[in-house]
Amino acid sequence: MDEQDIDLTARLYQKLRLIRRVEEEIAEIYPTDRIKSPVHLSIGQEAVSVGVIDALEPDDIVSPTYRGHAAYLAHGGSVEGMFAELFGKVSGCAKGRGGSMHLIDIEQGILGASAVVGTTIPIAVGYALALKHQRTSRLCVAFFGDGATEEGAFYESLNFAALHDLPILFVCENNGYAIHTPLNKRWAKDALCDRVQSFGIAFDAVTDGDVFSIRNTAKAAVAAIRSSPTPRFLEIKTHRWREHVGPGCDDHVGYRDPEETAFWRKRDQVDRLQSMLPEETYLLIDSQIEARIDRALATAEADSFPEAKDLSLHVFAD
Ligand SMILES: Cc1ncc(C[n+]2csc(CCOP(=O)(O)OP(=O)(O)O)c2C)c(N)n1
Ligand SMILES: [Mg+2]
(Lines give C-alpha, C1' and ligand atoms only; values in the text may rest on other atoms or scores of the structure.)
(Ligands and ions follow the chains in the order given, each with its own letter.)
Protein backbone atom coordinates (compact mmCIF):
# COMPACT_ATOMS: atom_id res chain seq x y z
CA MET A 1 0.00 0.00 0.00
CA ASP A 2 1.28 3.50 -0.73
CA GLU A 3 1.03 6.29 1.84
CA GLN A 4 -2.26 7.62 0.50
CA ASP A 5 -3.85 4.17 0.75
CA ILE A 6 -2.55 3.75 4.29
CA ASP A 7 -4.01 7.16 5.26
CA LEU A 8 -7.43 6.28 3.85
CA THR A 9 -7.42 2.79 5.39
CA ALA A 10 -6.31 4.18 8.76
CA ARG A 11 -9.02 6.88 8.65
CA LEU A 12 -11.76 4.37 7.86
CA TYR A 13 -10.40 1.87 10.39
CA GLN A 14 -10.35 4.53 13.12
CA LYS A 15 -14.07 5.21 12.64
CA LEU A 16 -15.06 1.55 12.26
CA ARG A 17 -13.13 0.62 15.37
CA LEU A 18 -14.44 3.55 17.42
CA ILE A 19 -18.04 2.61 16.64
CA ARG A 20 -17.42 -1.09 17.31
CA ARG A 21 -15.70 -0.41 20.63
CA VAL A 22 -18.27 2.14 21.82
CA GLU A 23 -21.06 -0.33 21.11
CA GLU A 24 -19.22 -3.25 22.73
CA GLU A 25 -18.83 -1.04 25.78
CA ILE A 26 -22.56 -0.27 25.73
CA ALA A 27 -23.33 -4.01 25.57
CA GLU A 28 -21.02 -4.56 28.55
CA ILE A 29 -22.57 -1.76 30.64
CA TYR A 30 -26.20 -2.46 29.74
CA PRO A 31 -26.92 -5.13 32.40
CA THR A 32 -25.88 -2.65 35.15
CA ASP A 33 -28.96 -0.53 34.38
CA ARG A 34 -26.93 2.68 34.10
CA ILE A 35 -28.17 3.08 30.51
CA LYS A 36 -31.67 4.49 30.71
CA SER A 37 -33.03 3.67 27.24
CA PRO A 38 -33.33 0.75 24.84
CA VAL A 39 -30.27 0.35 22.58
CA HIS A 40 -30.27 -0.72 18.93
CA LEU A 41 -26.68 -1.67 18.17
CA SER A 42 -25.17 -1.43 14.70
CA ILE A 43 -22.34 -3.88 15.34
CA GLY A 44 -21.74 -5.46 11.91
CA GLN A 45 -23.30 -2.51 10.05
CA GLU A 46 -20.59 0.10 10.77
CA ALA A 47 -19.21 0.13 7.21
CA VAL A 48 -22.42 1.68 5.85
CA SER A 49 -22.17 4.87 7.90
CA VAL A 50 -18.38 5.01 7.77
CA GLY A 51 -18.17 4.51 3.99
CA VAL A 52 -20.95 6.93 3.11
CA ILE A 53 -19.92 9.65 5.55
CA ASP A 54 -16.29 9.52 4.41
CA ALA A 55 -17.59 10.70 1.02
CA LEU A 56 -19.06 13.86 2.60
CA GLU A 57 -17.69 17.23 3.64
CA PRO A 58 -17.78 18.04 7.37
CA ASP A 59 -20.53 20.65 6.83
CA ASP A 60 -22.90 18.25 5.07
CA ILE A 61 -25.96 17.11 6.99
CA VAL A 62 -26.58 13.58 8.24
CA SER A 63 -29.94 12.23 9.36
CA PRO A 64 -29.59 8.99 11.38
CA THR A 65 -32.20 6.54 12.65
CA TYR A 66 -32.83 5.06 16.09
CA ARG A 67 -30.08 2.54 15.13
CA GLY A 68 -27.94 5.63 14.80
CA HIS A 69 -24.80 5.31 16.94
CA ALA A 70 -22.70 4.57 13.84
CA ALA A 71 -23.87 7.54 11.74
CA TYR A 72 -23.63 9.87 14.75
CA LEU A 73 -20.05 8.84 15.57
CA ALA A 74 -18.95 8.66 11.92
CA HIS A 75 -20.04 12.29 11.36
CA GLY A 76 -18.12 13.48 14.42
CA GLY A 77 -20.81 13.33 17.11
CA SER A 78 -19.35 13.72 20.59
CA VAL A 79 -18.56 10.45 22.42
CA GLU A 80 -19.01 12.24 25.78
CA GLY A 81 -22.39 13.59 24.65
CA MET A 82 -23.47 10.14 23.54
CA PHE A 83 -22.56 8.26 26.73
CA ALA A 84 -24.05 11.04 28.87
CA GLU A 85 -27.23 10.80 26.79
CA LEU A 86 -27.45 7.04 27.28
CA PHE A 87 -26.96 7.56 31.04
CA GLY A 88 -29.74 10.20 31.05
CA LYS A 89 -27.36 12.96 32.22
CA VAL A 90 -27.66 16.73 31.61
CA SER A 91 -24.58 16.94 29.37
CA GLY A 92 -26.11 14.35 27.03
CA CYS A 93 -26.43 15.39 23.39
CA ALA A 94 -30.24 15.57 23.88
CA LYS A 95 -29.81 16.89 27.45
CA GLY A 96 -30.42 13.43 28.88
CA ARG A 97 -34.03 13.33 27.71
CA GLY A 98 -33.81 11.25 24.56
CA GLY A 99 -31.54 8.27 25.13
CA SER A 100 -29.95 6.09 22.47
CA MET A 101 -32.75 6.44 19.90
CA HIS A 102 -32.68 10.25 19.87
CA LEU A 103 -29.06 11.23 19.31
CA ILE A 104 -28.49 14.70 17.88
CA ASP A 105 -25.55 17.06 17.36
CA ILE A 106 -26.63 20.07 15.33
CA GLU A 107 -23.16 21.68 15.48
CA GLN A 108 -21.75 18.62 13.74
CA GLY A 109 -24.64 18.60 11.24
CA ILE A 110 -26.37 15.59 12.78
CA LEU A 111 -30.16 15.90 12.75
CA GLY A 112 -32.16 14.38 15.59
CA ALA A 113 -33.00 10.70 15.28
CA SER A 114 -36.42 9.29 16.10
CA ALA A 115 -37.81 6.03 17.48
CA VAL A 116 -40.67 6.17 14.98
CA VAL A 117 -39.65 4.23 11.87
CA GLY A 118 -39.44 6.31 8.69
CA THR A 119 -40.25 9.66 10.26
CA THR A 120 -36.78 11.13 9.84
CA ILE A 121 -36.87 10.70 6.04
CA PRO A 122 -39.29 13.59 5.30
CA ILE A 123 -37.46 15.76 7.85
CA ALA A 124 -34.21 15.16 5.97
CA VAL A 125 -36.01 16.08 2.75
CA GLY A 126 -37.15 19.32 4.38
CA TYR A 127 -33.56 20.04 5.35
CA ALA A 128 -32.46 19.40 1.76
CA LEU A 129 -35.11 21.87 0.60
CA ALA A 130 -33.67 24.48 2.99
CA LEU A 131 -30.16 23.81 1.64
CA LYS A 132 -31.41 24.29 -1.90
CA HIS A 133 -33.03 27.62 -0.97
CA GLN A 134 -29.74 28.71 0.62
CA ARG A 135 -28.00 27.94 -2.72
CA THR A 136 -25.13 26.16 -1.00
CA SER A 137 -23.34 23.10 -2.37
CA ARG A 138 -24.06 21.23 0.87
CA LEU A 139 -26.22 18.16 0.86
CA CYS A 140 -28.18 15.99 3.23
CA VAL A 141 -27.91 12.21 3.71
CA ALA A 142 -30.94 10.33 5.03
CA PHE A 143 -30.13 6.92 6.52
CA PHE A 144 -32.96 4.44 7.11
CA GLY A 145 -33.56 0.69 7.31
CA ASP A 146 -35.27 -1.64 4.84
CA GLY A 147 -38.34 -1.61 7.09
CA ALA A 148 -38.65 2.16 6.74
CA THR A 149 -39.14 1.76 2.98
CA GLU A 150 -42.54 0.21 3.79
CA GLU A 151 -43.80 3.51 5.21
CA GLY A 152 -45.85 5.82 2.99
CA ALA A 153 -43.66 8.73 4.12
CA PHE A 154 -40.72 7.12 2.28
CA TYR A 155 -42.52 7.24 -1.09
CA GLU A 156 -43.88 10.75 -0.45
CA SER A 157 -40.32 11.83 0.34
CA LEU A 158 -38.91 10.28 -2.86
CA ASN A 159 -41.57 12.01 -4.92
CA PHE A 160 -41.11 15.42 -3.29
CA ALA A 161 -37.31 15.26 -3.51
CA ALA A 162 -37.43 14.25 -7.19
CA LEU A 163 -40.09 16.83 -8.06
CA HIS A 164 -38.04 19.66 -6.52
CA ASP A 165 -34.54 18.37 -7.45
CA LEU A 166 -33.34 18.38 -3.86
CA PRO A 167 -29.71 17.74 -2.84
CA ILE A 168 -30.32 14.57 -0.85
CA LEU A 169 -28.73 11.14 -0.78
CA PHE A 170 -31.14 8.46 0.41
CA VAL A 171 -29.26 5.52 1.98
CA CYS A 172 -31.14 2.31 2.75
CA GLU A 173 -29.20 0.16 5.24
CA ASN A 174 -30.70 -3.10 4.11
CA ASN A 175 -29.96 -5.65 6.84
CA GLY A 176 -32.73 -7.87 5.49
CA TYR A 177 -34.98 -7.75 8.56
CA ALA A 178 -37.53 -5.57 10.29
CA ILE A 179 -37.19 -6.92 13.83
CA HIS A 180 -37.47 -10.69 13.07
CA THR A 181 -39.34 -10.53 9.75
CA PRO A 182 -37.26 -11.15 6.60
CA LEU A 183 -37.75 -9.35 3.29
CA ASN A 184 -39.39 -12.34 1.56
CA LYS A 185 -42.30 -12.17 4.03
CA ARG A 186 -42.71 -8.41 3.51
CA TRP A 187 -41.93 -7.46 -0.09
CA ALA A 188 -43.93 -8.85 -3.01
CA LYS A 189 -40.86 -8.21 -5.16
CA ASP A 190 -37.28 -7.77 -3.95
CA ALA A 191 -36.68 -4.83 -6.26
CA LEU A 192 -36.32 -1.78 -4.06
CA CYS A 193 -34.08 0.09 -6.52
CA ASP A 194 -36.62 -0.41 -9.33
CA ARG A 195 -39.32 1.10 -7.16
CA VAL A 196 -37.09 4.09 -6.41
CA GLN A 197 -36.13 4.48 -10.07
CA SER A 198 -39.80 4.82 -11.00
CA PHE A 199 -39.67 8.24 -9.30
CA GLY A 200 -36.88 9.25 -11.71
CA ILE A 201 -34.17 8.84 -9.06
CA ALA A 202 -30.82 7.31 -10.05
CA PHE A 203 -29.57 4.52 -7.78
CA ASP A 204 -26.63 2.30 -6.95
CA ALA A 205 -26.42 -0.83 -4.85
CA VAL A 206 -23.54 -2.31 -2.85
CA THR A 207 -24.06 -5.92 -1.86
CA ASP A 208 -20.74 -7.15 -0.43
CA GLY A 209 -20.31 -4.90 2.62
CA ASP A 210 -16.90 -3.64 1.42
CA VAL A 211 -16.30 -0.27 3.06
CA PHE A 212 -14.18 0.93 0.12
CA SER A 213 -16.93 0.06 -2.41
CA ILE A 214 -19.47 1.82 -0.19
CA ARG A 215 -17.24 4.91 0.00
CA ASN A 216 -16.52 5.00 -3.74
CA THR A 217 -20.16 4.49 -4.66
CA ALA A 218 -21.19 7.24 -2.24
CA LYS A 219 -18.46 9.54 -3.57
CA ALA A 220 -19.81 9.22 -7.12
CA ALA A 221 -23.38 9.87 -5.94
CA VAL A 222 -22.29 12.88 -3.86
CA ALA A 223 -20.35 14.35 -6.81
CA ALA A 224 -23.44 13.98 -9.03
CA ILE A 225 -25.65 15.71 -6.44
CA ARG A 226 -23.19 18.59 -6.02
CA SER A 227 -22.78 19.15 -9.75
CA SER A 228 -26.52 19.51 -10.22
CA PRO A 229 -28.90 19.18 -7.25
CA THR A 230 -30.91 16.01 -7.60
CA PRO A 231 -31.76 13.16 -5.24
CA ARG A 232 -29.82 9.88 -5.50
CA PHE A 233 -30.43 6.55 -3.82
CA LEU A 234 -28.07 3.90 -2.42
CA GLU A 235 -29.15 0.47 -1.26
CA ILE A 236 -26.42 -1.03 0.88
CA LYS A 237 -26.76 -4.63 1.99
CA THR A 238 -25.49 -5.31 5.48
CA HIS A 239 -25.97 -7.55 8.49
CA ARG A 240 -26.85 -6.83 12.11
CA TRP A 241 -24.82 -9.12 14.35
CA ARG A 242 -26.73 -8.65 17.57
CA GLU A 243 -30.40 -8.81 18.52
CA HIS A 244 -32.80 -6.18 17.12
CA VAL A 245 -32.86 -4.27 20.40
CA GLY A 246 -30.66 -4.82 23.42
CA PRO A 247 -27.07 -5.84 24.02
CA GLY A 248 -27.28 -9.58 23.36
CA CYS A 249 -27.46 -11.99 20.44
CA ASP A 250 -30.69 -13.65 19.31
CA ASP A 251 -29.36 -16.29 16.95
CA HIS A 252 -31.01 -18.96 19.16
CA VAL A 253 -34.44 -17.66 18.07
CA GLY A 254 -33.70 -19.23 14.68
CA TYR A 255 -35.07 -16.53 12.38
CA ARG A 256 -31.80 -16.19 10.47
CA ASP A 257 -29.93 -18.79 8.50
CA PRO A 258 -26.53 -19.46 10.16
CA GLU A 259 -24.97 -19.42 6.67
CA GLU A 260 -26.13 -15.84 6.20
CA THR A 261 -24.51 -14.87 9.49
CA ALA A 262 -21.29 -16.72 8.58
CA PHE A 263 -21.17 -14.97 5.17
CA TRP A 264 -21.21 -11.55 6.81
CA ARG A 265 -18.96 -12.37 9.76
CA LYS A 266 -16.25 -13.39 7.28
CA ARG A 267 -16.54 -9.94 5.73
CA ASP A 268 -16.12 -8.02 8.98
CA GLN A 269 -14.61 -4.69 7.91
CA VAL A 270 -13.08 -3.91 11.32
CA ASP A 271 -10.91 -7.04 11.22
CA ARG A 272 -10.26 -6.66 7.52
CA LEU A 273 -8.95 -3.10 7.70
CA GLN A 274 -6.92 -3.87 10.81
CA SER A 275 -5.18 -6.67 8.90
CA MET A 276 -4.34 -4.21 6.09
CA LEU A 277 -2.54 -1.76 8.38
CA PRO A 278 0.97 -1.88 9.88
CA GLU A 279 0.78 -3.14 13.47
CA GLU A 280 2.12 0.08 15.01
CA THR A 281 -0.55 2.08 13.15
CA TYR A 282 -3.55 0.13 14.39
CA LEU A 283 -2.17 -0.30 17.91
CA LEU A 284 -1.84 3.48 18.22
CA ILE A 285 -5.38 4.02 16.89
CA ASP A 286 -6.75 1.35 19.24
CA SER A 287 -5.08 2.83 22.31
CA GLN A 288 -6.32 6.35 21.45
CA ILE A 289 -9.86 5.00 21.09
CA GLU A 290 -9.69 3.20 24.45
CA ALA A 291 -8.47 6.39 26.14
CA ARG A 292 -11.25 8.40 24.48
CA ILE A 293 -13.92 5.94 25.62
CA ASP A 294 -12.54 5.86 29.18
CA ARG A 295 -12.56 9.68 29.32
CA ALA A 296 -16.09 9.90 27.93
CA LEU A 297 -17.40 7.30 30.36
CA ALA A 298 -15.78 9.05 33.34
CA THR A 299 -17.27 12.42 32.29
CA ALA A 300 -20.71 10.92 31.75
CA GLU A 301 -20.63 9.06 35.09
CA ALA A 302 -19.61 12.20 36.99
CA ASP A 303 -22.39 14.30 35.44
CA SER A 304 -25.77 14.82 37.10
CA PHE A 305 -29.30 13.87 36.12
CA PRO A 306 -31.70 16.63 34.95
CA GLU A 307 -33.69 18.12 37.82
CA ALA A 308 -37.43 17.56 38.10
CA LYS A 309 -38.05 21.34 38.15
CA ASP A 310 -36.58 21.53 34.61
CA LEU A 311 -38.95 18.93 33.21
CA SER A 312 -40.79 21.38 30.95
CA LEU A 313 -37.64 22.99 29.49
CA HIS A 314 -36.57 22.31 25.88
CA VAL A 315 -40.04 21.29 24.79
CA PHE A 316 -40.54 24.26 22.46
CA ALA A 317 -37.96 26.26 20.53
CA ASP A 318 -37.09 29.61 22.14
C1 LIG B 1 -44.01 3.71 12.65
C2 LIG B 1 -43.43 2.57 13.43
N3 LIG B 1 -43.90 1.33 13.20
C4 LIG B 1 -43.41 0.27 13.89
C5 LIG B 1 -42.41 0.47 14.82
C6 LIG B 1 -41.84 -0.73 15.58
N7 LIG B 1 -40.50 -1.01 15.02
C8 LIG B 1 -39.40 -0.61 15.65
S9 LIG B 1 -38.03 -1.02 14.79
C10 LIG B 1 -38.89 -1.77 13.59
C11 LIG B 1 -38.19 -2.44 12.43
C12 LIG B 1 -37.61 -1.48 11.46
O13 LIG B 1 -36.78 -2.18 10.57
P14 LIG B 1 -35.75 -1.44 9.66
O15 LIG B 1 -36.31 -0.16 9.16
O16 LIG B 1 -35.31 -2.42 8.65
O17 LIG B 1 -34.55 -1.05 10.64
P18 LIG B 1 -33.54 -1.99 11.44
O19 LIG B 1 -34.11 -2.16 12.81
O20 LIG B 1 -33.40 -3.27 10.71
O21 LIG B 1 -32.28 -1.20 11.51
C22 LIG B 1 -40.26 -1.71 13.86
C23 LIG B 1 -41.30 -2.29 12.99
C24 LIG B 1 -41.95 1.79 15.05
N25 LIG B 1 -40.99 2.05 15.94
N26 LIG B 1 -42.45 2.82 14.33
MG1 LIG C 1 -33.77 -3.76 8.68
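Note that the numbering runs from 1 along the sequence shown for the chain. Both counts, for ligands and for their atoms, begin at 1 and track the order of listing.
- At least one heavy atom of E151 sits less than 4.0 Å from an atom of ligand 1.
- When you scan the N, O or S atoms of D146 for the one nearest the Mg ion (ligand 2), you land on OD1.
- Distances below 4.0 Å separate heavy atoms of A148 from the following atoms of ligand 1: 15 (O).
- Looking at W187 and E150, their side chains do bring a donor and an acceptor atom within 3.5 Å of each other.
- T120 and S114 are not linked by any side-chain donor-acceptor pair at a separation below 3.5 angstrom, with hydrogens and angles left out of the test.
- Using a 3.5 Å distance cut-off with no hydrogens or angles, the side chains of S100 and E85 do not pair a donor with an acceptor.
- Considering every non-hydrogen atom in both L313 and R97, the closest pair reads O-NH1, 3.1 Å.
- Here the shortest heavy-atom pairing between A71 and P64 reads CB-CB, 3.9 Å.
- Heavy atoms of D146 found under 4.0 angstrom from ligand 1 belong to the backbone as well as the side chain.
- For a threshold of 3.5 Å applied to N or O pairs, the pair formed by Q45 and ligand 1 contains no separation below that value.
- Closest to atom 26 (N) of ligand 1 among all protein heavy atoms lies V117 N, 3.1 Å.
- Within the coordination shell of the Mg ion (ligand 2), defined by N, O or S atoms under 2.8 Å, N175 is present.
- Remark: minimum distance from atom 25 (N) of ligand 1 to any protein heavy atom is reached at A115 O, 3.0 Å.
- Of all protein heavy atoms, the one closest to atom 23 (C) of ligand 1 is I179 CD1, 4.0 Å.
- Protein heavy atom at the shortest distance from atom 14 (P) of ligand 1 is G147 N, 3.3 Å.
- From the protein, the heavy atom lying nearest to atom 21 (O) of ligand 1 is R67 NE, 2.7 Å.
- Residue contact annotation: E173 places no N/O/S atom under 2.8 Å from the Mg ion (ligand 2).
- Interface of H244 with ligand 1, defined as ligand atoms under 4.0 Å from a residue heavy atom, comprises 9 (S), 19 (O).
- When non-hydrogen atoms are compared, ligand 1 lies under 4.0 Å from neither the backbone nor the side chain of E173.
- When every heavy atom of P306 is checked against every heavy atom of V90, the shortest pair comes out as CA-CG1, 3.5 Å.
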| said: For a ring-ring contact (aromatic ring centres under 6.0 Å, His included) check, start with the C-alpha distance between H244 and H40, then their side-chain angles and the critical distance, and finish with the verdict. | reply: CA-CA 6 Å; H244 166 72; H40 298 74; 5.1 Å; yes

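- Here the side chain of Q269 pairs no donor or acceptor atom with the backbone of A47 at under 3.5 angstrom.
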| said: salt bridge (charged side-chain N to carboxylate O under 4.0 Å, His left out), that's the test. Do R17 and D286 meet it? Break it down for me. | reply: CA-CA 7 Å; R17 173 88 185 183; D286 291 0; 3.4 Å; yes

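- Note that atom 2 (C) of ligand 1 has protein non-hydrogen atoms nearby, at separations under 4.0 angstrom.
- For the pairing with E235, the side chain to side chain contact (heavy atoms under 4.5 Å, CB included) check across N174, V206, T207 returns one residue only, N174.
- Looking at Y66 against ligand 1, only its side chain comes within 4.0 Å, counting heavy atoms.
- For ligand 1, one of its N or O atoms has an N or O atom of N175 under 3.5 Å away.
- Any N or O atom pair closer than 3.5 Å counts here, and A178 shares no such pair with ligand 1.
- For S78 against G81, the heavy-atom pair with the smallest separation is OG-N, 2.7 Å.
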